[in-house]
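Here's the structure, in structure tokens; my notes come after.
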Amino acid sequence: MNDPRTPHREGPRRDDGIHTRPDKRTRLEDLAALVKDGDMIAVGGGLSSREPMAILRALLRRRIRGLRAVGSAHGIDIDLLCGGGAVSCSSESYVGFEQDFGIAPNYRRACESGEVKVDDSCCYTLVQQLRAAVLGLPFMPVRSVRGTSFPELHPEYKTITCPYTSQELLLVPALAPDVAILHAQYGDAQGNLRIEGPPVMDLLFAKASRSVIASVETIVSTERLIELGGITIPYFYVTALAELPLGAHPTACYPFYAYDRPHTALYYEAARGGPERFSADYLQPFVHGCPDHAAYLARIGEATRRRLASWSAGEAAWMSLYREEVTA
């Protein structure tokens, strides 16, 4: 298994060049098979929006282990991977459920117990590390972590005196994840992706990572992608993709559906109850008990899809979804 500390994956952003197959469509299970034990993964989306949950559930069904998760602000996605025993090191800036529920229970337990090594960073440092990988540089300078304890946590960071200004700068090594795991609203067969709304760090993840796997709500023609507003992530970064409606559930994926607060509340209560309860009340019914994405959709029900799509009826409808309580 890879040591989660040593591999910053300096040098070229990918080992196998650009991806030009004319048809990259595949099954969810085949996407998940592209992630290996010990990989460094960059999970797209953020907080409670557009996270690639269907792919992450498929990884847990494969019993993947030893992942190093890198990213900025995340929630149920990284918490789920920790609760399923898939993560050995976290290089995230934040993992939690914000003001709605609070601290991420599985993530906290895993970090406090030592099961997951804490390798915290800050958002801008990660941005600079990814930029270095994209540019083929071994490092990038930052000012953002001076005066903090981050350099003590990261002995690989180096201090220099700028030869032009005599200012003290910190050098952070390039970071090239093994796999970026993304979810987008639209894609085409060739692998072009269109993200509606904030792309968060997805474009940097795609450019810096050695491979990119993606799920999309719907696959359309390239011409339709252009009509919708253009391509966010070009095809040559993308290794493979699968059409998975509701593939970000229970996080939001506008304009298709809003965040599923009752489902997230059910998840949070199960996670807060400890590993055994989380396994019985969430992993078994919603992950391991669903052999594929179709089974997951059947498990949450068609009524859920209609309810979450109702946000588009207006502001009152959208706000009502955020006042819903947990349901059985």
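- Scanning all heavy atoms of the two residues, the minimum distance from A206 to L182 falls at CB-CD1, 4.4 Å.
- Within the hydrophobic cluster formed by Ile, Leu, Val, Met, Phe, Trp and Tyr side chains joined at under 4.5 Å, directly or through other members, I160 is accompanied by F139, L169, L171.
- Side chain to side chain, Y259 and S49 fail the donor-acceptor criterion of an N or O pair below 3.5 Å.
- Under a hydrophobic-cluster definition in which Ile, Leu, Val, Met, Phe, Trp and Tyr are linked whenever side-chain heavy atoms come within less than 4.5 Å, directly or via other members, F256 and W318 are assigned to the same cluster.
- Residues A189 and R25 share a closest heavy-atom pair of CB-NE, 3.6 Å.
- By the rule that hydrophobic residues join a cluster once side-chain heavy atoms approach within less than 4.5 Å of another member, F236 and V216 end up as members of one cluster.
- Among residues at least two apart or in separate chains, side chain to side chain donor-acceptor pair (under 3.5 Å) pairs with a member in residues 227-236 are R224-E227.
- Classification of R50 and D202 as a salt-bridged pair holds, one side-chain N sitting under 4.0 Å from a carboxylate O.
- Looking at R68 and S91, their side chains do bring a donor and an acceptor atom within 3.5 Å of each other.
- Take L47 and apply the side chain to side chain contact (heavy atoms under 4.5 Å, CB included) test, not counting sequence neighbours, and it matches A73, Y94, E98.
- Ring centroids of H263 and Y282 are separated by less than 6.0 Å, placing the two rings close together.
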With ring-ring contact (aromatic ring centres under 6.0 Å, His included) as the test, would you mind laying out the steps for H249 and Y296 before giving the verdict? CA-CA 10 Å; H249 182 269; Y296 178 81; 5.7 Å; yes
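- Relative to the six-membered ring of F286, R299 meets both conditions, a distance below 6.0 Å and an angle of at most 45° to the axis.
- Tracing side-chain contacts under 4.5 Å through hydrophobic residues (I, L, V, M, F, W, Y), one reaches Y322 starting from F97; they form part of the same cluster.
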